[in-house]
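Nothing here was measured: the structure is a model prediction, and the numbers come from that model.
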Amino acid sequence: MVISKTIEAKPHSPIYTMHKYFARRPWNVFRELVSHYTSPGELILDPFCGGGVTVVESLRLKRKVIGVDVNPIAVYVTRMEAIEIDVEALRIAFSQLAGIVKQKILSYYATFCPKCHSRAFADWIEWDETTKQILRMKYDCIVCGSSGVKAAREEDSRLAADISDQFDAHVSKEALWFPITKVPPGDKTSSLLSQNINYFHELYTKRNLLALAVLRKQIENIQSERARAFLDFTFSSSLKWASKQCHLRGEIVEGWAMHAYWLYPKTLEINVWNTFERRFDAIHRGKKYSNREIGSYCKLTEKFEDLIKGSATCMILNRSSTDLSLIPNDSVDTVITDPPYGGNVNYGELADFWYVWLSKGETFDKTNEVIVNKTQGKDLLDYESMLQGVMSECYRVLKPNRPLVSTFNSRDSRVVASFVIAACRAGFSLQSDGLLYQPPIRAYTTTFHAIAVGAFVGDFVFTFVKESVTPLVGSPASQQLKELKSYITDLIDDSIKGEHGEPNIRERAYKALIPFLSATCVSDLDSCREAVDFFENHMKKHDEHFSQLRKKVTEKRIKAFKANGGRRYKTR
C-alpha cells in the first residue's frame, strides 16, 4: 500500500547536527518511509545517500542498507554517523588533546578584559573586508568571568598582524600542513574567484589557518585509531565555523549557511579552539544518540554477500550509482532516496571545501556527478540521461513488484519532468496514488534562502514500482495534452485573481503535470517537453505579480524573524 499521510517534519536529531551537509531531508519523514515500505531485516538501497538520513534511519529500524554516493564527503559523513564509538574513550582523547594544544591556540586570540583589565580571549572578531580592519570582538574573561562585545584596541590589531607576519615561520618551524589547493572554476566557486579567493586556504585568516594547522597536527598524534577518526571528524565539522564565510546576522553568529560560497562585507574570525570544543560537544551528543539508537547493529562490509549471510548490515560505497555492479540483479527489497534536484545544490563544488583537508589537498573528480552545471558542461538533458542511468541500475537490482520511493521537488517543472522521465524510461511505473506533497521542516521556511526567495521548499514523495505494466488504452497524448493545457491556464489565471503565490500554484499544477508525464514519457516524450514548457512560459507572464507577492511574504517573514529574536537563524 502506498503511503498516503503527510508527516509533520521534525528538526534534525543530534546525529544530523554533528557535521554540515547540504539539503538533508527530515529524518522522521524518511523513518516513516522505511517503516512503511520495508520490514526488519530487509535490504534498502539509497543510490544518493548524501547526508546519511536513509542509512541511519534504516539501521535504527534494524534494516540492512546500502548507501552509495559519488561525493566522498557524503560517504565520509554517513559512515561517521553510522559507526559506533566509545564516547567515554572519545572524551578522554579530547581531554588529552586539550591538555596539549588548548592554551597555545587560545593565546592566538588573547585580548584584555575592559572590566578588570586582566587577560581575556576573543570568541569572535569582526572584520571589515574592505579596510581589513578589526571592528569589534566578543571576549570572555578568565579572571572576572565577564563576557561581552568590545571595540578593538591597537594591541588587538597588532596581535593579528604579528601572527600574519610570522605565519610562514611558524609553519616551517613546526612542520605544519594545510591545503594549498587552487579553487577550480565552477558554477559556485566562481563567486570566490570573483572575490579574489584563488586558493581554498584563503577562505581563512592567517590566525585561524595557523590554529587549524596546529590542531590538526596534534590530532594526528592521538594513539586510538577510532578516537583519532572522530577527532578528525570534529575538526572537519569545525571548518565551516573557522572560515571567513561566517558573519553576524543581527546579533546572531551565523556560520556558512548558504548553498554557495560567499564572503560578506563584514566577516567573523571565530576562535578555532572554542569552535572545536563546541563541535566536539555536538559530536559527543550525536554519538551518544547513535550508540543508543544503532550501536553494534551497524556492521560495515565491502562485500554484498556479507549482507545476505547476515554477518554485516551496512555497505557505504563511494562511487557513481550508474554502476552498481557489486549488487546482483533482483536482490534489493526497496530503494529509498533523494536525488539531486537538477542544479539546485552543487554538492560537489561545495564539498571540496572539506575534501581538500580530508584528501591532503585534492579536489574530487566530478565527472560522474549527476547535476546541472554549466562549468562541467552538463545541461538538463545530460542530468536526465545520467539520472536515468542511475534509475536503470536501481531497476536492475530491485526485486520485482517492489518500490522505489523518492522525494523530489524543484521550482522549475522542467527539472521535475527530467526526474519523472528518468525513472519511467528506466522501467519504473508511478503508482496511481504514488504522489504525496510533504511540507518542509518548519524552520526551513525561515532560513536565509527561503526568506529571500520565497522558495518552494517542501517535497513530493514519489512511489514507483518495478512491474510489468500493460499500457492502458485511453485518450491519445495529444488530447490529454490539450486538456492539461486548458487546466493549467485556468489554474494560473484563477490563482492570480485569488492572490495565490507561486509555490501554491506549482504544488497544484505539479499534481496534474506529474501523472501526465509518467503516463506519456515512454511513448511521447515531445508532448512531455511541450507540457512543461507551456506551464513555465505561462508562469513567466506573471513574474511581476509573483515578485510583488514574494516581497510581501519576505517582509512578513523578516518581521516574524525579528520578533522571534532571530532564533531560527541560530545554527551553533
Tell me whether [X] at atom [atom1] has more than 12 heavy atoms from other residues, nucleotides or ligands lying less than 6.0 Å away.
{"X": "Glu251", "atom1": "CD", "value": "no"}
{"X": "Lys288", "atom1": "NZ", "value": "no"}
{"X": "Lys62", "atom1": "NZ", "value": "yes"}

So, [X] versus [Y], ring centres under 6.0 angstrom or not?
{"X": "Phe408", "Y": "Tyr341", "value": "yes"}
{"X": "Phe235", "Y": "Phe230", "value": "no"}
{"X": "Trp27", "Y": "Phe30", "value": "no"}

Donor-acceptor pair, side chain of Asn208 and main chain of Val272, under 3.5 angstrom: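 Not confirmed, Asn208 side chain does not pair with Val272 backbone.
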
Return the set of residues passing salt bridge (Lys or Arg N to Asp or Glu O under 4.0 Å) with Arg119 (not counting sequence neighbours), or none when no residue passes.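 Testing Arg119 for salt bridge (Lys or Arg N to Asp or Glu O under 4.0 Å), a comparison that skips the adjacent residues, returns none.
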
Under a 3.5 Å threshold, yes or no: a donor from one side chain and an acceptor from the other, between [X] and [Y]?
{"X": "Ser296", "Y": "Glu84", "value": "no"}
{"X": "Lys104", "Y": "Ser107", "value": "no"}
{"X": "Glu349", "Y": "Asn373", "value": "yes"}
{"X": "Lys299", "Y": "Ser311", "value": "no"}

Among all residues two or more places apart in sequence or in another chain, which pass the ring pair (Phe, Tyr, Trp, His ring centres under 6.0 Å) test with Tyr261?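 Only Trp256 meet the ring pair (Phe, Tyr, Trp, His ring centres under 6.0 Å) criterion with Tyr261.
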
Minimum heavy-atom separation for Ser118 and Val143, please, with both atom names.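 Answer, listing the atom of Ser118 first, then Val143: CB-CG2, 3.4 Å.
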
What distance separates Lys206 NZ from His201 NE2, expressed to the nearest 0.5 Å?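 Between atom NZ of Lys206 and atom NE2 of His201 there are 7.0 Å.
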
Per the ring pair (Phe, Tyr, Trp, His ring centres under 6.0 Å) rule, what does the pair list look like for residues 282-305, sequence neighbours excluded?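 Output for this query lists Phe280-His284.
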
Under the side-chain hydrogen bond (donor to acceptor under 3.5 Å, both in side chains) test, which residues partner Asp156, sequence neighbours left out?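 Asp156: side-chain hydrogen bond (donor to acceptor under 3.5 Å, both in side chains) contacts with Thr111.
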
Going through the checks in order, is the side-chain contact (heavy atoms from CB on, under 4.5 Å) test met by Asp46 and Ile66? CA-CA 6 Å; Asp46 185 350; Ile66 302 172; over 6 Å; no

Answer yes or no: is there an ion pair linking [X] with [Y], defined by an N-O contact shorter than 4.0 Å?
{"X": "Asp128", "Y": "Lys132", "answer": "no"}
{"X": "Lys309", "Y": "Asp306", "answer": "yes"}
{"X": "Arg136", "Y": "Glu126", "answer": "yes"}
{"X": "Arg60", "Y": "Glu57", "answer": "yes"}
{"X": "Glu42", "Y": "Arg63", "answer": "no"}

Considering residues at least two apart in sequence or located in another chain, which fulfil the side chain to side chain contact (heavy atoms under 4.5 Å, CB included) criterion with Asp232?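 Once residues adjacent in sequence are excluded, the partners of Asp232 under the side chain to side chain contact (heavy atoms under 4.5 Å, CB included) criterion are Tyr76, Ile219, Arg228.
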
Trace of the side-chain contact (heavy atoms from CB on, under 4.5 Å) decision for Asn271 with Trp124: CA-CA 6 Å; Asn271 184 310; Trp124 54 254; over 6 Å; no

Please work out whether the ring planes of His170 and Tyr108 are parallel, tilted or perpendicular, with thresholds of 30° and 60°.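 Tilted.
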
Does some side-chain heavy atom of Tyr264 sit less than 4.5 Å from a side-chain heavy atom of Glu129?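 Glu129 vs Tyr264: side chains apart.
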
Under a 4.5 Å cut-off applied to non-hydrogen side-chain atoms, are Asp338 and Phe48 in contact?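 SC-SC contact between Asp338 and Phe48 ruled out.
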
Contact list for residues 175-195, test side-chain hydrogen bond (donor to acceptor under 3.5 Å, both in side chains), sequence neighbours left out: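 Sorted pair list: Asp187-Thr375.
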
Dump the intermediate steps for side-chain contact (heavy atoms from CB on, under 4.5 Å) on Asp352 and Lys366, then the final yes or no. CA-CA 10 Å; Asp352 276 334; Lys366 302 165 189 66; 2.6 Å; yes

